[in-house]
Protein chains: 2
Amino acid sequence: MQYSKSTDYALHALLHLGHPERHANVGIKELSATLGVSESYLSKIMSKLRQDGIVRAVPGVNGGYELARPAGRITFLDVIQVMEGREQLFECSNSKSQQHQLLADDGADEPVRERRGNGECLVEKVMLGAQQHLHQYLQEHTIQSLLDEAFKRHFNLEGNKK
Amino acid sequence: MQYSKSTDYALHALLHLGHPERHANVGIKELSATLGVSESYLSKIMSKLRQDGIVRAVPGVNGGYELARPAGRITFLDVIQVMEGREQLFECSNSKSQQHQLLADDGADEPVRERRGNGECLVEKVMLGAQQHLHQYLQEHTIQSLLDEAFKRHFNLEGNKK
DNA sequence: CTATTGTGGACCTGTGATATCCATAATAAA
DNA sequence: TTTATTATGGATATCACAGGTCCACAATAG
């Protein structure tokens, strides 16, 4: 259970695009060279980011990519969901509510069922909670906030050197 | 990016074993029938749980499985890590610290590097934070806490019916 | 000794991640 | 308008892994 390399590449590419002293359009060549990823593969990723409105792309001479909105409004969650899809973290495979009566007192009049009629599995419920926690955290971190952090460190290091 | 079915099966199997009115050893046949999963596949999963000390197994007539420790000390995280492995949620693939200078001011004297010499990638750092949040949540939920929740609901429903 | 029950290895299949290559479309500059 | 540049999308290849089956073997109770 790990985020894919595509997500890695996407995040780093966006950080490059979000750099304050970038010119408007960054070509796939520059991105490819910077990240050390092949142009062909990286362009697939950028294409996906474009389809989901994270970046804009312009073909032709001097074309390239740029962020479609301010870096502060591109969250980690946004990027991850584009690359990894929006399925939920966990799905109970016993959705047919078969003999899913984990807690059935055999022979009792009122078996306690772990899953109730409304298709609600308690395991799934816990995992949904986990997912919500995760997503909330990922939403609080944006391309911009990471850039800020990087610059903060830069200046701290500068200060220490003197 | 989703937890595997094995994790699903494992959690449900443990809930079955954790049921207060279970006899000591539950055979693979009973588990298989309850979960609706083939014996052969489920036994692989139980084997794994045994190797990691989550359950105990005894072969032979009247053999079967039982929890190796109280249900309150078997957390969701425990189970997930057995089934999914213990790799971290995200790993920066640019570990060779190549030209990973995402924030390099071209031509500036002091390029700000997103990754510093100590192999610390800021993207990875954010993701590690996410992982910690997730793990903390998953550690707070145990097989026992889910059983308790199920029984609580049971009695609430009972009350409503009268 | 025998029936029962878990263990572990070999094997199979489909799917998805990672990646490459190429033809095509769009665009700016000459 | 032509040409060079740059992004797009389809086809394809490879590989690992999830999910699953089958079987021989070991351990155990009666």
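Keep in mind the model is a prediction, meaning the values are calculated, not measured. Chain A is the first sequence line, chain B the second, and so forth, proteins listed ahead of strands; every chain is numbered from 1.
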So, is Ser43(A) close to the dA7(D) phosphate, meaning a side-chain N or O under 4.0 Å from OP1 or OP2?
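No.
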
N or O in side chain of Arg50(A) less than 4.0 angstrom from dG9(D) OP1/OP2:
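It does, given that an N or O in the side chain of Arg50(A) lies less than 4.0 Å from OP1 or OP2 of dG9(D).
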
My understanding is that only residues two or more places apart in sequence, or in another chain, count here; which of them pass side chain to side chain donor-acceptor pair (under 3.5 Å) with [X]?
X: Asp78(B); answer: Arg69(B), Thr75(B)
X: Asp148(B); answer: Gln144(B)
X: Thr7(B); answer: Glu84(B)
X: Gln136(A); answer: Glu140(A)

Check the distance between dT6(D)'s P and Leu42(A)'s CG and give it to me in whole angstrom.
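Leu42(A) atom CG is separated from dT6(D) atom P by 15 Å.
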
Atom pair distance, as rounded to whole Å: CD1 in Ile54(A) and P in dA7(D):
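Nearest whole value for this atom pair: 18 Å.
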
Scan nucleotides 14-30 of chain D nucleotide by nucleotide, 5' to 3', and note B when protein non-hydrogen atoms come under 4.0 Å of the base, S if they reach only the sugar-phosphate, - if neither.
-----BBBB----BBB-

Taking all non-hydrogen atoms of both residues, which atom of Ala24(A) and which atom of Glu66(A) are closest, and how far apart?
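So the two residues come closest at O-CB, 3.2 Å.
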
I'd like to check the side-chain contact (heavy atoms from CB on, under 4.5 Å) partners of Lys44(A); sequence neighbours left out, ordered by chain and number.
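None.
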
Where does the chain B footprint on DNA chain C start and end, counting 5' to 3' with a 4.0 Å heavy-atom cut-off?
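Footprint of chain B along DNA chain C, 5' to 3': dA3(C) to dA10(C).
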
Acceptor/donor pairs from residues 35-42 of chain B side chains to any protein atom, 3.5 angstrom cut, sequence neighbours excluded:
| residue | atom | partner | partner atom | Å |
| --- | --- | --- | --- | --- |
| Ser38(B) | OG | Ser40(B) | OG | 3.4 |
| Ser38(B) | OG | Tyr41(B) | N | 3.1 |
| Tyr41(B) | OH | Ser6(B) | OG | 3.1 |

Under 3.5 Å donor-acceptor pairs involving side-chain atoms of residues 51-59 of chain B, not counting sequence neighbours:
| residue | atom | partner | partner atom | Å |
| --- | --- | --- | --- | --- |
| Arg56(B) | NH1 | Ala68(B) | O | 3.4 |

